[in-house]
Amino acid sequence: LTSAVFILSFIFFECSILSNVFFLPVIPDLLLLFTIYISIQKGCFQGETVGFFSGLLLDFVSAAPLGLNALLRTIIGFIAGLFHLTIGTSGIVTPMILGVFATFIKVLFTYFISFFFPGVVLTYDFFSKIFLFECIFNGLLAPVMFFIYHSVMQIPRRTVRSFPPRTGFRTQRTDRRYGIPHPAVS
């Protein structure tokens, strides 16, 4: 439910508000950052699901061919999900690298898909200002957005339980209800 609220609010924010801010050279991709965060925190399946539905909704409100953003974000969600709980999302540097890398992967896959659908899929030029600004915006916004996602979602961490070391062969256990020694020990 929280993911659905994030997806809908970011689509509204990107398409209604950020697209009308005329001094921004590009629109930062908040949905891409959310897909990366969910994938790393919760795994491939949930990352793919968030990527697919956010991309599909983005396809409905944008001029992109139906399914293009869904495919791109599903693939990116899967790739990021491969690093489930191995990459930390706290701090500043790691989220920045993840934001820039995800933008690069998005542009690379868009370029690859454009070979199959020439003239239909608009591509980025790797040496253009648009690509540079989108990488910078996504990289700078990633630590802030990851902090917001983490504070709102409060995803529980998985921890490995360690048992206390055995002090000896026979330990004194008591029946907790009555405070008497456990019969298995005597």
Side-chain angles (χ1 to χ4, degrees), residues 3 5-42 47-48 50-65 68-115 120-153 155:
S3 296
V5 170
F6 267 118
I7 290 171
L8 291 174
S9 63
F10 285 145
I11 285 179
F12 174 75
F13 188 67
E14 282 183 23
C15 295
S16 299
I17 297 171
L18 289 179
S19 64
N20 292 323
V21 177
F22 58 89
F23 61 85
L24 288 177
V26 295
I27 299 172
D29 201 345
L30 303 176
L31 287 170
L32 181 68
L33 298 176
F34 183 65
T35 302
I36 294 295
Y37 180 80
I38 291 296
S39 299
I40 290 174
Q41 291 296 323
K42 293 192 173 186
E48 291 170 0
V50 166
F52 176 76
F53 285 112
S54 66
L56 192 63
L57 289 173
L58 194 60
D59 284 333
F60 284 133
V61 298
S62 69
L68 175 67
N69 285 311
L71 175 67
L72 291 174
R73 292 164 196 277
T74 302
I75 292 171
I76 291 171
F78 173 75
I79 292 171
L82 293 175
F83 301 103
H84 172 58
L85 295 178
T86 59
I87 296 178
T89 55
S90 61
I92 296 174
V93 177
T94 304
M96 288 177 80
I97 292 171
L98 289 172
V100 171
F101 185 70
T103 306
F104 181 77
I105 294 295
K106 179 182 86 168
V107 170
L108 186 69
F109 280 128
T110 305
Y111 189 73
F112 178 72
I113 290 172
S114 72
F115 284 120
V120 177
V121 176
L122 299 175
T123 61
Y124 292 84
D125 185 16
F126 283 106
F127 302 106
S128 68
K129 289 182 181 179
I130 294 173
F131 174 66
L132 179 68
F133 278 125
E134 188 168 356
C135 284
I136 290 172
F137 283 172
N138 287 344
L140 291 177
L141 282 177
V144 175
M145 299 309 293
F146 281 20
F147 177 76
I148 291 170
Y149 301 151
H150 182 71
S151 62
V152 170
M153 298 192 73
I155 297 173

Once rounded to the nearest 0.5 Å, what's the spacing between atom [atom1] of [X] and atom [atom2] of [Y]?
{"X": "I27", "Y": "I130", "atom1": "CD1", "atom2": "CD1", "value": "11.0 Å"}
{"X": "I92", "Y": "I97", "atom1": "CD1", "atom2": "CD1", "value": "12.0 Å"}
{"X": "K42", "Y": "L85", "atom1": "NZ", "atom2": "CG", "value": "11.5 Å"}
{"X": "T35", "Y": "D29", "atom1": "OG1", "atom2": "CG", "value": "8.0 Å"}
{"X": "I105", "Y": "I36", "atom1": "CD1", "atom2": "CD1", "value": "9.0 Å"}
{"X": "L56", "Y": "L68", "atom1": "CG", "atom2": "CG", "value": "11.5 Å"}

Checklist entry - Hey, mind stepping through T89 and T94 against side-chain contact (heavy atoms from CB on, under 4.5 Å) and telling me if it holds? => result CA-CA 7 Å; T89 55; T94 304; over 6 Å; no

Once you measure the plane-to-plane angle for [X] and [Y], does it fall in the parallel (<30°), tilted (30-60°) or perpendicular (>60°) bin?
{"X": "Y111", "Y": "F115", "answer": "perpendicular"}
{"X": "F104", "Y": "F131", "answer": "tilted"}
{"X": "Y37", "Y": "Y149", "answer": "tilted"}

Item to check | Salt bridge present between E48 and R73 (N-O < 4.0 angstrom) | outcome: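 So E48 does not pair with R73 through a salt bridge.
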
Checklist entry - Given L8 and L57, is the side-chain contact (heavy atoms from CB on, under 4.5 Å) satisfied, shown in steps? => result CA-CA 8 Å; L8 291 174; L57 289 173; 3.9 Å; yes

How close do [X] and [Y] get, heavy atom to heavy atom, and via which atoms?
{"X": "F146", "Y": "P95", "answer": "CD2-CB, 3.6 Å"}
{"X": "K106", "Y": "L32", "answer": "CD-CD2, 4.3 Å"}
{"X": "I40", "Y": "I87", "answer": "CG2-O, 3.4 Å"}

Next on the checklist: Does any part of the side chain of D59, heavy atoms only, come nearer than 4.5 Å to the side chain of P65, both counted from C-beta?
Outcome noted: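 Contact flag for P65/D59 side chains = no.
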
Checklist entry - Side chains of P143 and M96: closer than 4.5 Å at any heavy-atom pair? => result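 Yes - at least one pair of side-chain heavy atoms lies under 4.5 Å apart.
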
Keeping [X] on the side-chain end and [Y] on the backbone end, is there a donor-acceptor pair under 3.5 Å?
{"X": "N138", "Y": "T103", "result": "no"}
{"X": "N69", "Y": "A64", "result": "no"}
{"X": "S39", "Y": "A80", "result": "no"}

Next on the checklist: Please determine whether side-chain contact (heavy atoms from CB on, under 4.5 Å) holds for the pair F78 and L82, giving the CA-CA distance in whole Å, both sets of side-chain angles, and the decisive distance to 0.1 Å.
Outcome noted: CA-CA 6 Å; F78 173 75; L82 293 175; 3.9 Å; yes

Next on the checklist: The test is side-chain contact (heavy atoms from CB on, under 4.5 Å); show your working for F137 and L132 and say whether it passes.
Outcome noted: CA-CA 9 Å; F137 283 172; L132 179 68; over 6 Å; no

